[in-house]
Amino acid sequence: MREATSQAESWPKVVLTGAQMLFVAFGALVLVPLLTGLDPSVALFTAGAGTLIFHAVTKQTVPVFLASSFAFIAPIQGSVASFGVSATMGGLMAAGLVYVAISQAVRLKGTAWLHRLLPAVVVGPVIMVIGLALAPVAVSMATGETSDNIGYGSAIFLSMSSLLVTLVLAVFGRGLIRLIPIMGGIVTGYVLALVMGVVDFTPVREAAWLSVPSFTAPSFHWAAILFMIPVAIAPAVEHIGDMVAIGSVTRKNYLEKPGLHRTLLGDGLATSVAALFGGPPNTTYSEVTGAVTLTRAFNPKYMVVAAIIAIVLAFVSKLGALLQTIPGPVMGGIMTLLFGSIAVVGMNTLVRAGQSLTAPRNLVVVSLILVFGIGGMQFGGGQFTLQGVSLAALVGIVLNWLLPQEKEGE
């Protein structure tokens, strides 16, 4: 019956609902490139292209939209500073291929091996490291240290106003409003910055109305690849949770049909293709899952329409230039909440597992992941330096593999 209804839907309704899904994702989608120095127009293009690839692989069975992954913000910032944008894209392309490899292993062996290799005691603290490793960057942006024309007082006012609106919408908002707290915070901060006269419109004046986004081709360097590959582990494990979440909304088991191996493959190919054009990695968006829950818009066709609209908007260069005029402190205020919330997701992963963190084995694994990842520990030098999230993930996997499991009742 539902299939017949979806077939009968008018195109204006499909287009409007698709545009609404993109609107819900828009704030978070453009936030990642703006924080990492990538081009927001390219991110729009790669989000659209990635979503279309995902739906081609899964045969339009899962109502999800793919866009810029928050888990990669800190690693991209670190990698761009160390290796440059092109080499970072090569690392991200390799990270997408890790998803592809995991998808094929899941197809052949199921998911049990994945949970053995990456239990909560490893994944939880690695996600926490992803969130907290660059917390100082969020604070320096929020206090105006990265802005030439905004003093400390103005920066704190802008960042805390943006943060306040974001958290009020997230906690007290109702309906569709609750799904767009990031956009609400950015718009509020931007309006205040306009009133204060600290927005520079030169990039908008100089930009053409229509142009091809500034695509960046990847280049491949071992150091950047080794730096980025372990970062793919946490989002790949989180992907399973995303599929279960959207399945509980639509009352379908997507782990069976189209199958976890297909959804992982779609996500991996979407990430690799995004890196091919110079965009951030793609992931399924929980904001859009929330919108699907609210509107009962279960037809995957809406997501395909949202993807096509995103690709079209990517060629409106005035829009990309306007996004780049958002002052640093506005972004910094939202980053403080964003990085903290990623850390809380990691903490929640540990809590849900229900294991004792004071048990010697778990204590060792979690402690070393956190201190090595956040403290700046590094091994090696030159082309083969392991540090940050990549080192933390590797240390966690090795310790979990080597240390004996504790017996029940110990």
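Counting from 1, the numbers follow the sequence of the chain as shown. Computed from a prediction, not measured in an experiment: that's the story for all the values here. The analysis underlying the following values was restricted to heavy atoms, covering all of them including side chains, and did not include hydrogens, waters or symmetry mates.
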Pairs touching residues 309-325 that satisfy side chain to side chain donor-acceptor pair (under 3.5 Å), sequence neighbours left out: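 Output for this query lists Y190-T325, S211-S317.
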Qualifying side chain to side chain donor-acceptor pair (under 3.5 Å) pairs with a residue from residues 13-28, counting only residues at least two apart or across chains: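 Side chain to side chain donor-acceptor pair (under 3.5 Å) check on residues 13-28 returns E9-K13.
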Does any N or O in the side chain of [X] come within less than 3.5 Å of the main-chain N or O of [Y], such that one atom is a donor and the other an acceptor?
{"X": "S86", "Y": "A217", "value": "yes"}
{"X": "T271", "Y": "G268", "value": "no"}
{"X": "S140", "Y": "E145", "value": "no"}
{"X": "S367", "Y": "V364", "value": "no"}

[X]: side chain to side chain donor-acceptor pair (under 3.5 Å) partners, not counting sequence neighbours:
{"X": "S82", "answer": "none"}
{"X": "T88", "answer": "S79"}
{"X": "T283", "answer": "none"}
{"X": "N400", "answer": "R361"}

How far apart are the closest heavy atoms of [X] and [Y], and which atoms are they?
{"X": "A393", "Y": "P230", "value": "CB-CB, 3.8 Å"}
{"X": "A314", "Y": "L44", "value": "CB-CB, 4.0 Å"}
{"X": "P125", "Y": "A120", "value": "CD-O, 3.7 Å"}
{"X": "A25", "Y": "V288", "value": "CB-CG2, 3.8 Å"}

Check against side chain to side chain contact (heavy atoms under 4.5 Å, CB included), T61 and R262: CA-CA 11 Å; T61 50; R262 279 202 183 87; over 6 Å; no
Any residue meeting side chain to side chain contact (heavy atoms under 4.5 Å, CB included) with S272, in chain and number order, not counting sequence neighbours: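 Scan of S272 (side chain to side chain contact (heavy atoms under 4.5 Å, CB included), adjacent residues dropped) gives M93, L97.
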Partners passing side chain to side chain contact (heavy atoms under 4.5 Å, CB included) against A359 (at least two apart in sequence or in another chain):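 Counting only residues at least two positions away or on another chain, A359 forms a side chain to side chain contact (heavy atoms under 4.5 Å, CB included) with S356, N362, E406.
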Residue list, salt bridge (charged side-chain N to carboxylate O under 4.0 Å, His left out) with K257, at least two apart or on another chain: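 Here no residue qualifies.
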Evaluation steps, side chain to side chain contact (heavy atoms under 4.5 Å, CB included), between L92 and I76: CA-CA 9 Å; L92 291 172; I76 291 173; 4.1 Å; yes
Ring pair (Phe, Tyr, Trp, His ring centres under 6.0 Å) pairs, two or more places apart, involving residues 149-186: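 Passing the test, one end in residues 149-186: no pairs.
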All pairs passing ring pair (Phe, Tyr, Trp, His ring centres under 6.0 Å) where residues 265-289 contributes a residue, at least two apart: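 Residue pairs passing ring pair (Phe, Tyr, Trp, His ring centres under 6.0 Å), neighbours aside: F45-F277, F215-F277.
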Verdict with supporting geometry, D242 and V64, side chain to side chain contact (heavy atoms under 4.5 Å, CB included): CA-CA 9 Å; D242 289 339; V64 294; over 6 Å; no
Let me have the donor-acceptor pairs involving side chains of residues 334-350, under 3.5 Å, with sequence neighbours excluded, atom names and distances please.
residue	atom	partner	partner atom	Å
T336	OG1	G333	O	2.5
S341	OG	L337	O	3.3
S341	OG	L338	O	2.7
T349	OG1	V345	O	2.9

Intermediate values then yes/no, side chain to side chain contact (heavy atoms under 4.5 Å, CB included), L29 and L22: CA-CA 9 Å; L29 192 169; L22 178 61; 4.2 Å; yes
